[in-house]
Amino acid sequence: MAGVGGRASPGLKRWLSSQGLAPRVCVVGSGPAGFYTAQHILKHHDLARVDIYEKLPVPFGLVRFGVAPDHPEVKNVINTFTHTARSDRCAYYGNVAVGRDVTVGELRQAYHAVVLSYGAEDNRILGIPGENLSGVYSARAFVGWYNGLPENRDLKPDLSCETALILGHGNVALDVARILLSPVDLLRKTDITDSSLAALACSKVKRVWLVGRRGPLQVAFTIKELREMINLPGTRPILDPADFTGLGNAVKDAPRPRKRLTELMIKTALEKPGEKMVAAAPREWGLRFQRSPQEVLATADGMRARGIRMALTRLQGLGDSAKAVPTGEVEELECGLVLSSIGYRSLPLDPAVPFDSQHGVIPNSSGRVEGVPGLYCSGWVKRGPTGVIITTMNDSFDTAQSVLEDLQAGVLDVSASRDGFGTVGSILRSRGVRPVSFSDWEKIDAAEVTRGKAAGKPREKIVDPEEMLQLIGH
Ligand code: FAD
Ligand code: NAP
């Protein structure tokens with residue numbers, strides 16, 4: 001991807017580099033937003049130096065801990081990020097949690113500009129009774145579990161029931177459904193963690209309902225991911241043709257992606273599976289629409305989820321902006337496992353940084369944090385928790401462009417030099433924090449690849465941060 005996003009004009013680039021000033025920029029977070037912001041600044045300013053701070057010892061954010069293990073091609077962006085990290089004007093400091101180990105105020109003293117790209121580490125909650133029963137998990141935690149995110153490594157989801165229900169009609173919901181229903185032999189050669197593979201191999205789940213509060217024209221997942229579900233070996237889709245009545249006509253003039261997606265759902269709903277197909281498909285999944293979760297129902301002993309009470313809804317308005325309004329009718333759906341996939345959520349980092357709690361974003365204008373000159377944001381914490389990696393890339397280039405323009409306009413005063421990690425390193429040392437360098441990460445990476453080789457996997461992820469640190473002699 002290097003070479004993409006060349007939006008700084010040759011004039012701006014020449015001007016910036018002719019000033020002989022070496023801006024020191026700090027980026028917080030090493031996911032796509034952090035790396036693409038760094039890439040753009042380094043590419044368009046020949047003297048800028050960028051330091052990336054990451055909470056975990058290991059880099060790449062949701063590319064490592066979110067993207068599904070059976071989508072290895074998506075992870076190729078890591079090659080571009082590695083190229084950026086190896087630049088002699090870029091440094092990576094893992095194992096440093098900004099807000100805990102060093103404050104944003106301290107970073108602002110040490111750098112000319114600070115870019116917050118720390119993503120969305122939490123999830124939206126349903127806010128309904130029974131949400132905390134055993135057997136109810138956020139999709140975020142479930143994804144973190146199968147992808148080896150340290151905080152979720154001990155999740156041990158209970159997969160002893162036959163029916164799982166996923167709330168939400170986004171791509172994360174489809175990822176989770178696919179992982180639950182995939183034949184384990186398909187997952188065996190991926191970088192899914194050994195322990196989750198073992199748990200999935202014993203899973204009793206054979207039916208997954210994906211339930212959305214709105215209709216087929218409002219689903220948030222995309223066609224490639226739906227097609228993958230439809231073609232998943234050993235499973236068959238259950239779509240009710242009645243849910244799609246009249247929709248073929250309704251989407252005639254819709255934007256092409258929505259039209260094709262709807263047509264695929266209609267075609268799938270109308271296909272009658274033969275007996276042979278049913279026999280060859282021991283597992284099944286289906287889409288349910290216009291049902292909004294009202295309560296997770298408990299087993300008689302009050303301990304576990306046994307189902308969900310749904311409020312049936314009707315749609316008010318048309319298209320993407322249609323609202324789900326309860327009709328007053330309810331329905332109970334039985335299931336032993338509930339996965340809430342209704343979106344991620346960013347958290348405030350530091351009292352010194354403005355935060356819009358309602359929308360879960362840092363208020364900003366083109367990435368410039370409102371009211372705090374020299375402070376910027378990019379990625380999910382800037383925009384909210386939606387958008388694929390390319391969306392995040394474009395948005396991060398925009399923020400980087402704002403930094404470059406502020407350098408040119410003199411909004412960022414680089415006449416006094418800043419010591420960057422020279423200053424921050426002393427602060428961290430005084431607090432007993434030992435950062436992990438990019439070459440340290442490359443040692444962890446090599447160890448993971450070696451461990452995976454024996455099992456024919458691209459890597460076996462190390463899930464315990466202590467073990468990572470030991471491996472690099474910390
Ligand atoms: P993140 O990737 O979350 O990166 C944020 C980084 O900041 C993390 O490394 C985090 O550890 C770090 N951090 C957090 N707090 C601190 C702190 N206090 N101090 C220092 N560092 C901190 N897009 C696709 O194109 N294809 C896919 O297949 C795909 N699959 C996805 C699957 C899932 C489950 C999810 C949730 C998203 C997926 N996406 C996919 C979307 C894509 O992952 C996002 O667009 C992208 O990761 C957002 O980038 P980000 O840098 O803003 O956030
Ligand atoms: P998303 O696309 O925003 O989907 C969230 C879903 O949750 C929507 O169906 C939404 O319905 C529903 N929802 C929200 N609040 C709800 C509530 N209170 N009750 C019931 N339902 C509720 O989010 P996501 O699935 O977490 O994905 C995040 C981003 O990552 C997306 O941009 C996605 O495309 C991307 N991603 C991409 C891939 C891929 O490319 N393969 C894989 C995973 C993720 P409403 O529409 O009614 O609000």
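Not measured: the values here are computed from a predicted model. Side chains are part of it too, since the values below use all heavy atoms of this structure and drop only hydrogens, waters and symmetry mates. In each ligand, atom 1 is the first atom listed, and ligand 1 is the first ligand listed.
From the protein, the heavy atom lying nearest to atom 4 (O) of ligand 2 is Gly170 CA, 3.6 Å. Ranking the protein heavy atoms by distance from atom 15 (N) of ligand 2 puts Arg213 NH2, 3.4 Å first. Among all protein heavy atoms, the one lying closest to atom 2 (O) of ligand 2 is Ala220 CB, 3.6 Å. Of the protein's non-hydrogen atoms, Gly387 N, 2.6 Å is the one closest to atom 32 (O) of ligand 2. The nearest heavy-atom contact from the protein to atom 14 (C) of ligand 2 is Ile342 O, 3.4 Å. Among protein heavy atoms, the minimum distance from atom 30 (O) of ligand 2 is reached at Trp380 CZ2, 3.7 Å. For atom 29 (C) of ligand 1, the closest non-hydrogen atom on the protein side is Val67 CG2, 3.8 Å. With hydrogens left out, the protein atom closest to atom 28 (C) of ligand 2 is Pro385 O, 3.5 Å, a heavy atom. Scanning the protein for heavy atoms near atom 51 (O) of ligand 1, the closest one is Ala33 N, 2.9 Å. When only non-hydrogen protein atoms are considered, atom 27 (O) of ligand 2 lies nearest to Val172 CG2, 3.5 Å.
In terms of polar-atom proximity, defined here as any N/O pair under 3.5 Å, Asp175 makes no such contact with ligand 2. Considering backbone and side-chain atoms together, Gly387 places an N or O closer than 3.5 Å to an N or O of ligand 1. Ligand 1 has an N or O atom lying under 3.5 Å from an N or O atom of Leu62, backbone or side chain. Between Val98 and ligand 1, at least one pair of N/O atoms sits closer than 3.5 Å. Residue Glu225 has at least one nitrogen or oxygen atom sitting less than 3.5 Å from a nitrogen or oxygen atom of ligand 2, judged on distance alone. Not one N or O of Pro293 is nearer than 3.5 Å to an N or O of ligand 2, by distance alone. Taking only nitrogen or oxygen atoms, main chain and side chain alike, Ser378 does not reach within less than 3.5 Å of ligand 1. Annotation: Asn171 places an N or O atom under 3.5 Å from an N or O atom of ligand 2; distance criterion only.
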Problem set entry | Derivation of the salt bridge (Lys or Arg N to Asp or Glu O under 4.0 Å) call for Lys55 and Asp101 | CA-CA 9 Å; Lys55 179 172 95 162; Asp101 298 332; over 6 Å; no
Exercise. How far apart are the C-alpha atoms of Trp145 and Thr193, what are their side-chain angles, what is the distance that settles it, and do they pass the side-chain contact (heavy atoms from CB on, under 4.5 Å) test?
Worked result: CA-CA 8 Å; Trp145 168 71; Thr193 61; 5.9 Å; no
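Under a 4.0 Å criterion applied to the non-hydrogen atoms of Asp175, ligand 1 contributes the atoms 32 (C). Applying the 4.0 Å criterion to heavy atoms of Val74 picks out, from ligand 1, the atoms 26 (N), 27 (C), 28 (O). Listed by number with element, the atoms of ligand 2 under 4.0 Å from a non-hydrogen atom of Arg214 are 45 (P), 46 (O), 47 (O). Against a heavy-atom cut-off of under 4.0 Å, Val388 is close to the following atoms of ligand 2: 37 (C), 40 (O). Contact atoms of ligand 1 toward Val28: 19 (N), 20 (C) (distance under 4.0 Å to a heavy atom of the residue). Each of the following atoms of ligand 2 lies closer than 4.0 Å to a heavy atom of Thr386: 3 (O), 29 (C), 32 (O). Interface of Ser341 with ligand 2, defined as ligand atoms under 4.0 Å from a residue heavy atom, comprises 6 (C), 7 (O). Atoms of ligand 2 found under 4.0 Å from any heavy atom of Gly343, numbered from 1 in the order shown, are 26 (O). Interface of Gly379 with ligand 1, defined as ligand atoms under 4.0 Å from a residue heavy atom, comprises 52 (O). Against a heavy-atom cut-off of under 4.0 Å, Gly31 is close to the following atoms of ligand 1: 2 (O), 4 (O), 6 (C), 51 (O). Short contacts between ligand 1 and Ile389, defined as distances under 4.0 Å to a heavy atom of the residue, involve ligand atoms 23 (N), 24 (C), 25 (O), 42 (C), 45 (O). Atom numbering of ligand 1 starts at 1 in the shown order; those under 4.0 Å from a heavy atom of Gly61 are 2 (O), 4 (O), 8 (C), 9 (O). Contact atoms of ligand 1 toward Gly29: 6 (C), 7 (O), 12 (C), 21 (N) (distance under 4.0 Å to a heavy atom of the residue).
The pair Arg207-Glu334 does not count as a salt bridge, with every side-chain nitrogen at least 4.0 angstrom from each carboxylate oxygen. The pair Arg459-Asp445 meets the salt-bridge criterion, since a charged nitrogen lies less than 4.0 angstrom from a carboxylate oxygen. Between Glu448 and Lys461 there is no salt bridge, since no side-chain nitrogen of the basic residue lies less than 4.0 Å from a carboxylate oxygen of the acidic one. Between Arg64 and Glu54 there is no salt bridge, since no side-chain N of the basic residue sits under 4.0 Å from a carboxylate O of the acidic one.
Residue Glu121 touches ligand 1 through its side chain alone, judged by heavy-atom distances below 4.0 Å. Counting heavy atoms under 4.0 Å from ligand 2, residue His169 touches it through both backbone and side chain. The part of Ser117 lying near ligand 1 is the backbone, judged by heavy-atom distances below 4.0 Å. At a 4.0 Å heavy-atom cut-off, ligand 1 does not touch Ile390 at all. Residue contacts with ligand 1, taken as heavy atom pairs separated by less than 4.0 Å, involve Thr392 solely via side-chain atoms from C-beta onward. Residue contacts with ligand 1, taken as heavy atom pairs separated by less than 4.0 Å, involve Val172 solely via side-chain atoms from C-beta onward. Contact annotation for Val388 and ligand 1: heavy atoms of both the backbone and the side chain come within less than 4.0 Å of the ligand. The residue Thr391 has no part lying near ligand 1, judged by heavy-atom distances below 4.0 Å. Of the heavy atoms in Ala139, none comes closer than 4.0 Å to ligand 2. Counting heavy atoms under 4.0 Å from ligand 1, residue Tyr344 touches it through the side chain alone. Of all the heavy atoms of Val143, the ones lying under 4.0 Å from any atom of ligand 1 belong exclusively to the side chain.
Between Phe60 and Phe65, the ring center distance fails the sub-6.0 Å criterion. Ring-centre distance between Phe289 and Phe244: below the 6.0 Å cut-off.
Note on ligand 1: Val96 sits in its first shell, one or more heavy atoms being nearer than 4.0 Å.
Between the Arg283 side chain and the Leu181 main chain, a donor and an acceptor come within less than 3.5 Å of each other. The backbone N or O of Ser117 lies less than 3.5 Å from no partner atom in the side chain of Ser378, so there is not a single donor-acceptor pair. A distance-only check finds a donor-acceptor pair linking the side chain of Asn76 to the backbone of Glu73 [under 3.5 Å]. Under a 3.5 Å cut-off, the side chain of Asp356 and the backbone N or O of Val361 do not form any donor-acceptor pair.
Note on residues 306-365: pairs passing ring pair (Phe, Tyr, Trp, His ring centres under 6.0 Å), not counting sequence neighbours, are Tyr344-Trp380.
For atom 53 (O) of ligand 1, the nearest non-hydrogen atom from the set Gly170, Gly119, Ala139 comes from Gly119. Across the listed options Arg140, Glu54, Lys55, Glu54 owns the non-hydrogen atom lying nearest to atom 10 (C) of ligand 1.
For atom 10 (C) of ligand 2, no protein heavy-atom neighbour is found at a distance under 4.0 Å.
A donor and an acceptor atom, one from each side chain of Ser437 and Asp440, are located under 3.5 Å apart.
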